[in-house]
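This report concerns only the one structure given below.
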Amino acid sequence: MSGPVDPVTELRAAVISCVEDLRGGSLEGGGVPSLERPPKAEFGDYSTNAAMLLAPVLDRSPREIAEELASKLSETLSDRIERIEIAGPGFLNLFMSDAWYRGTAAELAAAGEDLGRPPQGVGGTLLIEFVSANPTGPLTAAAGRHASYGDAVARLLEFTGTRAIREYYMNDMGAQMERFGLSIAARMKGEGVPEDGYEGDYVVEIAERLVADGMGADDPNALSLAGEEIIVSGIKDTLSGLGVEFDHWSSERALHDAGSLQRALDDLAEHGHIYEKEGATWLRSTEFGDDKDRVLLRSGGEPTYFLGDVAYHRDKLERYPEATLFDVLGADHHGYVSRIKASVEALGFGDDRLEISIMQLVNVVEGGEKAQMSKRKGEFVTLESLIEDIGPDATRFFMLQRSNDTTVDLDLDLARQTSSDNPVYYVQYAHARISSILRKAAAEGAAAPDAGGFEGGVDPSERQLIKRIAELPAEVLEAAERRAPHRICAYAMATAADFHAFYRDCQVVGAEGDGVEASRLALCGVTRQTLATTLGLLGISAPERM
RNA sequence: GCCCCCGUAGCUCAGUGGACAGAGCGACUGCCUUCUAAGCAGUGGGUCGCAGGUUCGAAUCCUGCCGGGGGCGCCA
């Protein structure tokens, strides 16, 4: 027997059914009763606010309703519940029995690799566009945040039954590519870079490579194309090093050459949302909530960056008619959100087809000092050097640890430490420690893991650990729906902490008592699976030895 | 001026209506003949930016203000 299980939701279902009984009808409107871990152990294992929510509906006092709910729940849960207390303004505090803990542990163990997978997944298709850094230079450390985030969201959704597609969009057209080509040409001739050119040393390296390939400095356009090829191949290598692989690389130039920009323009014209003014072609984006209308074709006739982006979104929407688009943008692009949403609507697609997350900035901190970041000046920490410095696992963990709308201060001194101070190693260490126990058990011919096969008491540390693991499906669902992988980081750390406490209190191999060793080995196995799964969702390795 | 994000412990941050507000780091104190001390336990530390409002209940929702960051091009 295996498959997704969700013990907390099962318990919640029991509460809801009792509430519906008492109310004499289904729960529409009103709130859904909570079922949560109370702040203090003295408040039991789980608590619910059901009686407080019911009070205004039934027009009776919360404590009175709580009494009735408690007796109904006791009946429904029978030997799974030890006792129910009524506290505070009308909370029902549930104290679960050893039988429930044993049953839950057995259920979790039976889930195998499906442990933590929410039984009711999210479904659908999400096309995630992320990183999409310009192909005029190597990826910066900040791109590592986008890469880690987009990939982790994709992994989370895949785990919940959603098809995730990863795309990278290259703005390989226009003025910046010209400046890039001119910068390479200047370096070939040994000259200083032109105004607004790219000053980084990598441009010198590219120039040297292209000279070696026999290229001349007289065709900046050709140089920019050749330079782009080198840059993009480097970007792919860097992302691979982080464990991020894209399904599709879209190119603005390719879209342009295929006539997609023109088609997008025709589409918008057909829908009646464009007009001419001062020689330029505009999108009436204000009609869809944007601050001002936006230029699609300049008065010279060249397309703007924005038109390319409109064409790209149209292309995505048509390639995957079932998909929701998800754009991961940097904080410096937030002004872009309303216009791109407007364009999607102007093309006749529903506004629920596009979702956008804004990533706040990344500061790399060393010795308490923030490193400067300027791509054009060539002063920045590259993602490649960051990965080389602290490794892909620490890079991902530190980038993912914070919610996307807060700035990340990546402390290199901390990230470099291979000690308990470093949260990555803390979690990985727990996984390695369990692996070591299981190795020892195998070597010493310990009992086969069996979560439910004993009648003794369950240790408080075991209870804590089982409860934590039982929360995983809800945690995964929440993180997936809210596109919030940082919750998984916090969850993984909490699970590791619970395991270390269990390790302190409970001997596993050679434990005294009938079936105790077998049940603890099973709990170790379930914990290891939990850590492996959560680390996997973050794209971080789960080592067997450290 | 307008728009977006943030303001919670010394530092970095969790916590999008529930019970006396949490974690990691830093500081201080203990614990390795015992399954990995990359670990555990304990101590100290906060007017949740300020002021109103909604609610039985607000760090959380609403309004105003203060402080920090980012953005407001026929650049990308």
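Keep in mind the model is a prediction, meaning the values are calculated, not measured. Within every chain, numbering begins at 1; the chains are lettered A, B, ... in the order of the sequence lines, protein sequences first and strands thereafter.
Residue-to-nucleotide contacts include no donor-acceptor pair under 3.5 Å from the side chain of A:His334 to the base of B:G71. Between the side chain of A:Ser299 and the base of B:C74, a donor-acceptor pair under 3.5 Å is found. Under 3.5 Å, the side chain of A:Asn49 and the base of B:G18 form at least one donor-acceptor pair of N or O atoms.
Contact check, A:Arg504 against B:A41: a side-chain N or O comes under 4.0 Å of OP1 or OP2. Phosphate contact (OP1/OP2 of B:A76, side-chain N/O of A:Arg298, threshold under 4.0 Å): present. Distances shown here put a side-chain N or O of A:Ser403 below 4.0 Å from the OP1 or OP2 atom of B:A14. Checking the phosphate oxygens (OP1, OP2) of B:A38, no side-chain nitrogen or oxygen of A:Tyr503 falls inside 4.0 Å. In this structure, A:Lys292 reaches the B:G73 phosphate: one of its side-chain N or O atoms is under 4.0 Å from OP1 or OP2.
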Could you list the donor-acceptor pairs under 3.5 angstrom formed by side chains in residues 499-508 of chain A, with sequence neighbours left out?
| from | atom 1 | to | atom 2 | distance (Å) |
| --- | --- | --- | --- | --- |
| A:His500 | ND1 | A:Arg433 | NH1 | 3.0 |
| A:Asp505 | OD2 | A:Ser461 | OG | 2.3 |
| A:Gln507 | NE2 | A:Val509 | O | 3.1 |

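Using a 4.0 Å heavy-atom distance criterion, A:Glu544 is classed as a base contact. A:Ala280 comes within contact range of at least one nucleobase, with a heavy-atom separation under 4.0 Å. Residue A:Glu278 is classed as a base contact, given a heavy-atom separation below 4.0 Å to a base. Using a 4.0 Å heavy-atom criterion, one finds that A:Ser47 contacts the bases of the nucleic acid, with or without backbone contacts as well. Residue A:Asn93 is classed as a base contact, given a heavy-atom separation below 4.0 Å to a base. Contact annotation for A:Pro62: no contact, since no heavy-atom pair falls under 4.0 Å across all strands. Contact annotation for A:Asp409: backbone-only contact, meaning every heavy-atom pair under 4.0 Å involves sugar-phosphate atoms and none involves a base. Note on A:Met493: nothing from the nucleic acid sits closer than 4.0 angstrom, heavy atoms only.
How far CG of A:Leu523 is from CZ of A:Arg520: 9.0 Å, rounded to the nearest 0.5 Å. For the atom pair CD (A:Glu67) and CZ (A:Arg60), the distance works out to 10.5 Å, reported to the nearest 0.5 Å. We find the CZ-CD1 distance between A:Arg284 and A:Ile274 to be 9.5 Å, quoted to the nearest 0.5 Å. Rounding to the nearest 0.5 Å gives a distance of 9.5 Å between CD of A:Glu302 and NE2 of A:His256.
Per the geometry, OH belonging to A:Tyr426 stands 23 Å off P belonging to B:U12, to the nearest Å. For the pair A:Tyr46 OH and B:A19 C1', the interatomic distance rounds to 18 Å; values are reported in whole Å. A straight line from CG of A:Asp291 to C1' of B:G1 spans 13 Å, rounded to a whole angstrom. Here B:C35 presents its C1' atom at 14 Å from CZ of A:Arg528, a figure rounded to the nearest Å. Between the CG atom of A:Asp411 and the P atom of B:G26 there is a distance of 11 Å, rounded to whole Å. Rounded to an integer number of Å, the gap from A:Glu512 CD to B:C35 P is 16 Å. Rounding to whole angstrom units, CD of residue A:Glu276 and P of B:C74 are separated by 15 Å. The interatomic distance linking A:Met173 (CE) with B:C75 (P) rounds to 12 Å, in whole Å.
Taking the centre and axis of the six-membered ring of A:Phe306, the NZ or CZ atom of A:Arg294 falls outside the cone set by 45° and 6.0 Å. Under the 6.0 Å distance and 45° angle rule, A:Arg483 counts as a cation-pi partner of A:Phe326.
Among B:A19, B:A76, B:C13, the nucleotide with an atom closest to any side-chain atom of A:Glu252 is B:A76. Checking B:A76, B:G69, B:A38 against the side-chain heavy atoms of A:Leu361 singles out B:G69 as nearest. Checking B:C35, B:A14, B:G18 against the side-chain heavy atoms of A:Lys440 singles out B:C35 as nearest. When distances run from any side-chain atom of A:Ala87 to the nucleotides B:A19, B:C74, B:C35, the shortest one goes to B:A19. Closest approach to the A:Gln507 side chain among B:C35, B:C20, B:A38 is made by B:C35 (side chain taken as heavy atoms from C-beta onward). Listed candidates were B:G70, B:C74, B:A76. Nearest to the side chain of A:His333 is B:A76. Counting only heavy atoms from C-beta on, A:Asp405 has its side chain closest to B:C5 among B:C35, B:C5, B:G70. Relative to the side chain of A:Asp332, the nucleotides B:C35, B:G71, B:G18 differ in distance, and B:G71 lies closest. The side chain of A:Pro38 approaches B:A19 more closely than any other nucleotide in the set B:A76, B:A19, B:A14. Relative to the side chain of A:Ala501, the nucleotides B:A38, B:A41, B:G71 differ in distance, and B:A41 lies closest.
Per the stacking criterion (ring centres < 5.5 Å, plane angle < 30°), A:Phe43 stacks onto the base of B:A19.
Between the side chains of A:Asn93 and A:Tyr46, no donor-acceptor pair of N or O atoms lies under 3.5 Å. A:Asp315 and A:Ser260 share no donor-acceptor pair across their side chains, judged by distance under 3.5 Å alone. Side-chain N/O atoms of A:Glu276 and A:Thr281 include a donor and acceptor closer than 3.5 Å.
Nearer the 5' end of RNA chain B, as judged by each residue's closest nucleotide, is the contact made by A:Arg294, out of A:Arg294 and A:Tyr305. With RNA chain B read from its 5' end, the first of the two nearest nucleotides for A:Lys277 and A:Arg439 is the one closest to A:Arg439.
Spacing of P atoms, B:G7 relative to B:G17, comes out at 16 Å, to the nearest Å. Taking the P atoms as reference points, B:G49 lies 14 Å from B:C11, given to the whole Å. Nucleotides B:C25 and B:A38 have their C1' atoms positioned 16 Å apart, rounded to a whole Å. B:C31 and B:C50 have their P atoms separated by 42 Å, with the value rounded to a whole Å.
With its glycosidic angle within 90° of 0, B:C32 adopts the syn conformation.
Judged by distance alone, with hydrogens and angles left aside, the side-chain atoms of A:Thr530 form no donor-acceptor pair with the main-chain N or O of A:Ile469 at under 3.5 Å.
The six-membered or imidazole ring of A:Tyr336 lies near that of A:Tyr305, with a centre-to-centre distance under 6.0 Å.
At a non-hydrogen distance threshold of 4.0 Å, A:Arg482, A:His486, A:Arg487 from residues 472-492 of chain A come into contact with RNA chain B.
Each of A:Leu538, A:Ile488, A:Leu477, A:Val122 was evaluated against A:Leu156; a single residue qualifies, A:Ile488, per the side-chain contact (heavy atoms from CB on, under 4.5 Å) test.
Stretches of at least 3 consecutive Watson-Crick or G-U wobble pairs, with each checked distance under 3.5 Å, appear in RNA chain B as B:1-7 with B:66-72, B:10-13 with B:22-25, B:27-31 with B:39-43, B:49-53 with B:61-65.
Ring geometry for A:Tyr169 versus A:Tyr312: interplanar angle under 30°, hence parallel rather than tilted (30 to 60°).
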